Amino acid sequence: MDILLQDVGYSYAKDTPFEKRALHHVNLHIPSGSYTAIIGHTGSGKSTVLQHLNALLKPTEGTVMIGERKIEEGTKAKNLRDIRRQVGIVFQFPEQQLFDETVLKDIMFGPLNYGVPEEEASRRARELVQQLGLPEDVLEKSPFDLSGGQMRRVAIAGVLAMEPDVLVLDEPTAGLDPRGRREIMDLFYRLHVEKGLTTVLVTHSMEDAARYADQIAIMHGGKCVVTGDPVTIFSNEEQLHDYRLEPPRSVRLQRQFEEKMGIKLDAISLTEEALAKNIAQALQKGRDAE
Amino acid sequence: MNSIIMSLENVTFTYAPEDESVRPAVADLSFTIEEGEWIALVGHNGSGKSTIAKLMNGLLFPNSGKVTAMGKPMSEETLWDIRSQMGMVFQNPDNQFVGATVQDDVAFALENNGVPHEEMVVRVKESLRQVKMEDYMDQEPHHLSGGQKQRVAIAGALALRPRLLILDEATSMLDPQGRMEVIETIRELRKATGLTVISITHDLEEAALADRLIVMNQGHKQLEGSPEQVFRSGSELIKLGLDLPFAMRMTHLLRKEGVDIKGEHMTEDELVDELWTSYSKM
């Protein structure tokens with residue numbers, strides 16, 4: 001499902017003395033099936049954009065197209081049920097939204113609310129628990145007896161149980177240890193591929209953006225200033241710098257290596273693994289030329 | 001020899017004392033922290049780090065063992081005095097806000113501690129400047145982004161001019177630049193005031209800046225030492241759900257690709273230097 005922001009502006013507390021402008025003329029196209037990373041300095045408007053993707057916020061100017069639905073100022077809230085099912089948002093620290101007696105009930109809550117039969121909701125919950133690498137006996141436990149990392153997974157399962165077409169992730173690994181972080185990011189990528197999801201990742205991690213995304217959008221001062229593929233975005237260091245961002249560490253080390261050795265690697269290294277390969281190749285080439 | 005600001009002796013704590021099948025969150029843990037040190041407490045999720053933070057400020061009391069802070073044994077009688085010398089910043093800033101504006105929020109604890117108004121105004125300004133949020137004094141906290149909120153929370157702790165600052169994953173929500181700003185602020189503060197810092201973190205790059213690391217695993221202390229000593233244990237850290245600093249990961253990946261690297265490099269500079277020395281004649 002495509003999402004299209006056209007000339008979107010948003011002001012918090014509009015028409016009050018506390019009015020604060022958060023977005024200016026944002027144009028952003030999230031194509032169906034893409035993995036889009038939204039990056040930007042703290043306070044650049046990333047989270048405000050995110051809340052427009054399932055009409056939690058309605059633009060105070062411009063329009064948001066979510067699939068066939070047009071959202072603008074004054075769109076009635078009661079017609080947004082379908083959108084909320086189709087676009088699932090995993091907020092920061094989603095485990096804070098857990099509430100039910102058991103993990104099973106918590107995961108089933110969303111689907112049941114949308115009229116999914118109990119049997120089907122329960123089937124989804126069992127399948128998801130397995131997919132997310134949780135032990136099966138977790139289903140009958142209270143979500144509050146689980147570890148932080150497990151609670152995070154249960155909360156994510158609750159969003160996935162709605163079977164959304166678009167999955168929006170707001171810093172989904174904040175607070176997780178390095179292993180948990182990698183496992184969850186790999187899981188989202190697997191789901192993206194297997195279920196053909198449209199994925200939107202809001203992140204501070206240039207490394208995650210470079211590793212997983214096929215489209216990157218940079219937010220700066222409430223505007224969407226650049227969109228492009230990761231190679232183009234992370235090759236332009238001057239531009240990143242203007243928006244107070246840095247390339248991923250692998251790219252920074254590549255530049256350091258190139259400068260010291262006085263050679264240029266063939267391609268930009270978006271991941272650590274790619275950098276190791278590119279360096280090994282360059283060194284081998286040097287050997288062969290001797 | 002500096003004085004000891006915090007010590008734990010054989011501390012055990014369990015959230016379910018009646019159920020023996022539940023592993024204690026912290027088991028037989030001992031360590032001491034000297035005034036002026038920067039300690040990083042690292043470990044996987046559920047390793048007991050946050051429980052330790054709560055034991056250190058008397059939010060929890062051990063089932064057995066002893067906590068001594070600021071030279072006093074932690075007890076119901078001493079904890080208010082101990083806490084007044086301790087600033088704490090938690091992971092999620094949304095749970096820490098009370099003020100209607102940024103400056104009200106920073107002033108809140110000062111007001112509670114009876115700091116006179118003129119002094120309060122000075123300290124609020126100063127601590128907001130230290131975290132580079134002075135331009136936001138009159139903003140409502142809920143309009144700030146996550147990272148900005150966390151800087152304000154840190155300012156709130158700094159305003160009390162604590163001897164000990166405990167950061168419980170406090171920089172985990174900041175963008176890389178914001179995180180460096182805060183770490184830099186803390187470094188400067190330490191230089192200027194001798195502030196003791198305990199940072200609880202998953203961020204190995206942040207931990208690498210500390211004087212000493214304490215690595216937790218399943219409620220036990222697994223490793224302790226300088227960053228160099230701890231990172232030398234390489235694969236053991238990965239088994240513990242942690243990671244290696246970037247330069248060490250790259251060293252391992254390069255070896256896998258057949259590049260000949262002898263050293264275990266902690267920094268990118270060292271790594272590139274070795275590559276240059278062994279390959280530059282080509």
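Note that the structure is a prediction, hence the values are computed from the model and not measured. Labels below follow one simple rule: chain letters A, B, ... track the order of the sequence lines, proteins then strands, and each chain is numbered from 1.
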| note | Heavy-atom closest pair (B:Glu257 atom, A:Ala280 atom, distance to 0.1 Å) is CB-CB, 3.6 Å

| query | Which residues in residues 239-249 of chain B have any heavy atom lying under 4.5 Å from a heavy atom of chain A? | reply | B:Lys239, B:Leu240, B:Gly241, B:Leu242, B:Asp243, B:Phe246, B:Arg249

| Are there residues of residues 249-260 of chain A that reach to under 4.5 Å of chain B by heavy atoms, and which ones? | A:Arg249, A:Ser250, A:Leu253, A:Gln256, A:Phe257, A:Lys260

| query | Residues of residues 269-279 of chain A under 4.5 Å from chain B (heavy atom pairs)? | reply | A:Glu272, A:Glu273, A:Leu275, A:Ala276, A:Lys277, A:Ile279

| Proximity breakdown for A:Gln281 and chain B, heavy-atom pairs closer than 4.5 Å | neither

| Okay, side chain of B:Asn45, backbone of A:Asp177: is any donor-acceptor separation there less than 3.5 Å? |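 Yes, because the side chain of B:Asn45 sits within donor-acceptor range (under 3.5 Å) of the backbone of A:Asp177.
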
| field | B:His265: ring pair (Phe, Tyr, Trp, His ring centres under 6.0 Å) partners, not counting sequence neighbours | value |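 For B:His265, no residue satisfies ring pair (Phe, Tyr, Trp, His ring centres under 6.0 Å) once neighbours in sequence are set aside.
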
Exceeds 12 heavy-atom contacts within 6.0 angstrom, atom [atom1] of [X]:
| X | atom1 | result |
| --- | --- | --- |
| A:Gln97 | CD | yes |
| A:Glu238 | CD | no |
| A:Tyr189 | OH | no |
| A:Phe18 | CZ | no |

| field | Check against side-chain contact (heavy atoms from CB on, under 4.5 Å), B:Glu140 and A:Lys20 | value | CA-CA 10 Å; B:Glu140 292 173 60; A:Lys20 190 172 170 282; over 6 Å; no

| said: Just so I understand: if I count every heavy-atom pair under 4.5 Å between each of B:Leu204, B:Thr201, B:Leu271, B:Asp269 and chain A, which residue has the most? | reply: B:Asp269

| Contacting region of B:Asp203 [heavy-atom separation from chain A under 4.5 Å] |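 The answer is neither part of B:Asp203.
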
